[in-house]
Structure formats: structure tokens, C-alpha cells
2 protein chains.
Amino acid sequence: MATDQLSVVFGALADPTRRAILGRLADGPATVNELAEPFDITLPAISKHLKVLERAGLISRGREKQWRPCRLEAEPLRAATEWMGRYRQFWESSFDKLDDHLRTLMKGTGQ
Amino acid sequence: MATDQLSVVFGALADPTRRAILGRLADGPATVNELAEPFDITLPAISKHLKVLERAGLISRGREKQWRPCRLEAEPLRAATEWMGRYRQFWESSFDKLDDHLRTLMKGTGQ
DNA sequence: CGGTTAATTAGCTAGTCGGTAAAGTATGCC
DNA sequence: GGCATACTTTACCGACTAGCTAATTAACCG
């Protein structure tokens, strides 16, 4: 996968286990074992997923006694959402049913 | 990569070439050669990228004479954006700086 | 200290990804 | 038909990914 920030973030989101982990973290911080509990995969596999999420800046990790609590860091999702925002008009209106010429024309009118 | 729709869409977006192709298609339909022109990669590589985008439902392809014009289909981005929407509060407010207890408490108040 | 719990690292396998070159398919046009 | 244009498919390659088991590190507890 490419190394630019957006690619890393989208790449991190392209896995249901990682999205589920983020979902869990939306309810508050959790330890690695707590995060692993719902899944049928081993702890090392979870550890790898967490590293991917950390590289994407989607989680941060503390140190508390023998636990390493994870916490959600949603900031990178702002950039991802903003990137998608460019296309919002194409799914919120019926513009995507029109041909290019007409679309260009209408864009010029400020709608 | 997993096969659920959201994973396939995020996976398709996790590559800068594919995102650039979508960017080009936002200006209107284009043929494969037109899409390939800005890049330093071979046509087969572009063809593969297009197949990934098509599998994600992000483009559709027609047939006009000997050309196979591609057109943007932004609909899948709606689901992707909606998924991220769950986390909007975490980057639009300072909630993500507070601890879980406080966040839970404030959520109960409706903001 | 020794043992337990928490989590990461190392090393392996199988499969996917992004790219290539070369061959194949489809259509248009003389 | 025959040739050119526009892609696509096939076969291959090196790098990366997701999973495993086994071993290691780190911190607490008695």
C-alpha cells in the first residue's frame, strides 16, 4: 500500500476487524485483551491490527501498570471525510445521472 | 482484503492512483487511455485499478465504438461517509480529549 | 526470587497487491 | 479481408498482509 496519509487511513479502514475495534473504542479506552475478546483470532493478530491503526493515527496507546490501554483518535477521519466531500454532490443530487456537458454547465451556475 | 462492501470501498480508496482516477472522473466520463495518460504505469496496470474501482461500485463502464468510457458512481461513498459519521463528534468537538466517563455522561445530555 | 498476567516480537505460511511484458479480443475503417 | 486502435487477459514477480505458534519482554504480586 502507498505511504501517504490518506492511503494509510483508508487502508486501515479496509478491514472489518479494525473497524470493529474502532467501534469498540468509540465507547471509551480499552486494553488489548478487552479489544481482542469479541474476535476469534489470536492476540498477536490483534496486536498487528493495533499497529496498523496506530500507524494511521487512528488510535493512541498509553501505559498503565501492565496494561497498554488504547484510545480512539478520530482526527485522521476528518481528512478522509473531507476527501470524500468532494464527491458528495454526486450522490446527494441526481447530477451523476446527467452527462458531463450538462454537469459542467450547471456547476457554473453555482448549482 | 475482506469482501464486505465497506471493506472493498475503503480498499479501493487506499491507493493514490485510484483516488486520482476518481478525481479525473469527477470532471466527466473518460476512456481508459485518457485515464492512463497522467500516470507512468502501463495500461494493464490501469486496467487492474479500474477493475478494483468497478468491483467497489465506484465506477461504471460503457461501450461506445471501440472505447469503453468510465463514469464515476459516487453512491458507495455515501455508505463510507455515513460509517465515518459515527466518529464525527470525536474530531469536531474536544470530546476525544476527555475520559470515557465524562464522554458517556455528556452523551446522555444530548450534547 | 518465582510465578502470573499482559502484550509484543520473531518466524513461518498462504494469499493478495501493484506492477510488468506478451498475447489475445473487440471494434472501426480502408 | 487486413490493418490499426483500444483495451483486456494471462503469466509472472517482488512486496506486503493476515493469520498462526512459539518465544520474549514487561510489570505486578506473593
Side-chain angles (χ1 to χ4, degrees), chain A residues 1-25 28-72, chain B residues 1-25 28-72:
Chain A
M1 187 202 317
T3 52
D4 63 287
Q5 184 60 15
L6 223 37
S7 296
V8 172
V9 171
F10 282 132
L13 298 179
D15 182 290
T17 301
R18 286 193 290 262
R19 289 198 306 278
I21 287 173
L22 292 180
R24 165 61 185 83
L25 290 177
T31 68
V32 177
N33 272 297
E34 282 166 1
L35 291 174
E37 196 276 326
F39 304 104
D40 270 349
I41 60 179
T42 59
L43 218 51
I46 296 289
S47 213
K48 280 192 184 180
H49 281 306
L50 294 178
K51 210 181 286 185
V52 172
L53 290 169
E54 195 173 19
R55 189 162 99 87
L58 288 165
I59 65 170
S60 63
R61 324 184 66 174
R63 166 86 61 155
E64 193 180 330
K65 298 193 173 179
Q66 68 267 51
W67 296 283
R68 269 156 255 196
C70 299
R71 114 181 349 260
L72 179 65
Chain B
M1 188 200 319
T3 53
D4 63 286
Q5 184 61 13
L6 223 36
S7 296
V8 172
V9 171
F10 282 132
L13 298 180
D15 182 289
T17 302
R18 287 193 291 263
R19 289 198 306 278
I21 288 174
L22 293 179
R24 165 63 186 81
L25 290 176
T31 68
V32 177
N33 273 296
E34 283 166 357
L35 291 174
E37 197 275 325
F39 304 104
D40 270 349
I41 60 179
T42 59
L43 218 51
I46 295 289
S47 214
K48 280 192 184 179
H49 282 306
L50 294 177
K51 209 181 287 184
V52 172
L53 290 169
E54 194 173 20
R55 189 161 100 86
L58 288 165
I59 66 170
S60 63
R61 325 184 65 175
R63 167 81 65 149
E64 193 180 329
K65 299 195 174 177
Q66 68 267 50
W67 296 282
R68 268 155 256 194
C70 299
R71 112 179 354 259
L72 179 65

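Just so we're on the same page: letters track the sequence lines, and every chain starts at 1.
Side chain of B:R18 to main chain of B:A12: a donor-acceptor pair is present (N/O by atom type, distance under 3.5 Å, no hydrogens or angles). No side-chain donor-acceptor contact under 3.5 Å links B:R61 to the backbone of B:K51.
B:V32 is not listed as a side-chain neighbour of B:S47, based on a closest heavy-atom distance of 4.5 Å or more.
Between the P atom of C:dG19 and the CZ atom of B:F39 lies a distance of 10 Å, rounded to the nearest Å. Remark: C1' of C:dA10 and NZ of A:K51 are 10 Å apart, rounded to the nearest angstrom. Atom pair A:I46:CD1 and C:dT9:C1' shows a separation of 16 Å (rounding to whole Å applied). Here the C1' atom of nucleotide D:dT8 and the CH2 atom of B:W67 are 17 Å apart, to the nearest Å. The interatomic distance linking B:L35 (CG) with D:dT8 (P) rounds to 10 Å, in whole Å. Between the CZ atom of B:R61 and the P atom of D:dC7 there is a distance of 9 Å, rounded to whole Å.
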Legend entry - B/S/- contact track for nucleotides 25-30 of chain D, protein heavy atom under 4.0 Å: -SSS--
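We find that B:D4 and A:R19 are joined by a salt bridge, their nearest charged nitrogen and carboxylate oxygen being less than 4.0 Å apart.
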Inset, instruction - Check step by step if side-chain contact (heavy atoms from CB on, under 4.5 Å) holds for B:L22 and B:L13. - result: CA-CA 9 Å; B:L22 293 179; B:L13 298 180; 3.7 Å; yes
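One finds a side-chain N or O of B:N33 lying less than 4.0 angstrom from the OP1 or OP2 phosphate oxygen of D:dC7. At the phosphate of D:dT9, neither OP1 nor OP2 sits under 4.0 Å from any side-chain N or O atom of B:S47.
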Contacts under 3.5 Å, N or O only, protein and nucleotides 14-21 of chain D:
residue, atom, partner, partner atom, Å
D:dA18, OP1, A:R18, NH1, 3.3
D:dA18, OP1, A:R18, NH2, 3.0
D:dA18, OP2, A:R18, NH1, 3.4
D:dG19, OP2, A:H49, NE2, 2.4
D:dG19, N7, A:K48, NZ, 3.3
D:dG19, O6, A:K48, NZ, 2.5
D:dC20, OP2, A:T42, N, 2.8
D:dC20, OP2, A:T42, OG1, 2.6

